[in-house]
Amino acid sequence: QVQLVESGGGSVQAGDSLRLSCAASGHSASSAAMAWFRQAPGKDRRFVASISWGGDDTHYEDSVKGRFTISRDNAKKTVYLQMNSLEPEDTAVYYCAARLTENSRYYYWQTYEHDYWGQGTLVTVKA
């Protein structure tokens, strides 16, 4: 079992930065591939970024490449999403997700591939 708790959301102006955190707990948390998804009002939950449990392999949705960076600190069992140059279109509830895997280089980007989810943190970007 893995429990996930997101934090760091808030309301910012376009062009500002935010860093989201996802704290994981449970004895398997360090061997989980992690990802961030987001869900805007009235839209489906969509992939943002993912990272292998080894931390060396990452994958991003095209619209956030060059602006967002996913990273992790396995000693702290925490995954981060650094978001720069935020745009109003980034407004959404951001969810952290985990998938246990034996391969330190695997990452996943589909919602159905993740077994554990956090409760979400709201990010609002004003024009």
Side-chain angles (χ1 to χ4, degrees):
Q1 288 285 342
V2 178
Q3 294 79 42
L4 304 172
V5 178
E6 301 98 332
S7 62
S11 181
V12 297
Q13 297 293 127
D16 286 350
S17 298
L18 273 178
R19 188 177 80 157
L20 305 183
S21 298
C22 173
S25 60
H27 73 280
S28 300
S30 294
S31 58
M34 304 292 292
W36 288 95
F37 290 78
R38 63 186 178 185
Q39 187 165 17
K43 295 189 177 181
D44 294 336
R45 192 170 300 188
R46 296 186 176 182
F47 170 73
V48 176
S50 58
I51 188 167
S52 62
W53 70 254
D56 292 330
D57 300 275
T58 58
H59 180 55
Y60 295 91
E61 191 270 327
D62 285 347
S63 71
V64 307
K65 285 181 181 177
R67 299 190 298 125
F68 292 9
T69 302
I70 189 171
S71 62
R72 66 190 297 160
D73 184 334
N74 284 342
K76 296 182 178 180
K77 294 185 179 181
T78 301
V79 176
Y80 304 98
L81 185 67
Q82 177 67 42
M83 305 186 295
N84 298 329
S85 302
L86 282 161
E87 304 169 350
E89 294 73 23
D90 296 317
T91 295
V93 176
Y94 283 71
Y95 296 91
C96 178
R99 157 76 178 258
L100 298 179
T101 175
E102 294 182 352
N103 192 307
S104 65
R105 300 202 62 181
Y106 279 7
Y107 51 75
Y108 304 87
W109 60 90
Q110 303 284 0
T111 55
Y112 66 84
E113 293 175 312
H114 294 82
D115 304 309
Y116 305 98
W117 293 84
Q119 83 290 347
T121 185
L122 177 62
V123 173
T124 302
V125 184
K126 301 177 182 178

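- Hydrophobic clustering (ILVMFWY, side-chain heavy atoms < 4.5 Å, transitive): L4 and V93 are in distinct clusters.
- Contact of the H59 side chain with the F47 side chain is registered, since non-hydrogen atoms from C-beta on lie closer than 4.5 Å.
- Between W53 and A32 the shortest heavy-atom distance is CB-O, 3.2 Å.
- No continuous path of ILVMFWY side-chain contacts below 4.5 Å connects L122 to V64, so the two sit in separate hydrophobic clusters.
- Applying the side chain to side chain contact (heavy atoms under 4.5 Å, CB included) rule to T58 yields the partners I51, Y60, I70; only residues at least two apart in sequence or on another chain are considered.
- Listed for the D16 side chain is no donor-acceptor partner under 3.5 Å among the backbone atoms of L86.
- Side chain of T91 to backbone of V125: a donor-acceptor contact under 3.5 angstrom is found.
- Shown here for T78 and S21, the closest heavy-atom pair between the two residues is CG2-CB, 4.3 Å.
- S17 contributes atom OG, which lies 5.5 Å from atom CD of Q82 (distance to the nearest 0.5 angstrom).
- Within the 4.5 Å cutoff, the side chain of Q119 has heavy atoms near those of the E6 side chain.
- For A127 against A14, the heavy-atom pair with the smallest separation is CA-CB, 4.4 Å.
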Acceptor/donor pairs from residues 33-43 side chains to any protein atom, 3.5 angstrom cut, sequence neighbours excluded:
unit_1	atom_1	unit_2	atom_2	d
R38	NH1	D90	OD1	2.9
R38	NH1	Y94	OH	2.9
R38	NH2	S63	OG	3.4
Q39	OE1	R45	NE	3.4
Q39	NE2	K43	O	3.1

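- Judged by distance alone, with hydrogens and angles left aside, the side-chain atoms of S104 form no donor-acceptor pair with the main-chain N or O of G54 at under 3.5 Å.
- The shortest distance between side-chain heavy atoms of Y80 and S71 falls below 4.5 Å.
- Closest approach of V123 and L18 over heavy atoms only: CG1-CD1, 3.9 Å.
- Atom SG of C22 sits about 12.5 Å away from atom NZ of K77, to the nearest 0.5 Å.
- Of all non-hydrogen atoms in E113 and W109, the two that sit nearest each other are OE1-N, 3.1 Å.
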Test side-chain contact (heavy atoms from CB on, under 4.5 Å) on V48 and Y95; report intermediate values, then the result.
CA-CA 10 Å; V48 176; Y95 296 91; over 6 Å; no
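- Residues G9 and L20 come closest through the heavy atom pair N-CD2, 3.6 Å.
- With rounding to the nearest 0.5 angstrom, the OH atom of Y106 is 11.5 Å from the OG atom of S52.
- Under the 4.5 Å side-chain contact rule for hydrophobic residues, L81 and Y107 do not share a cluster.
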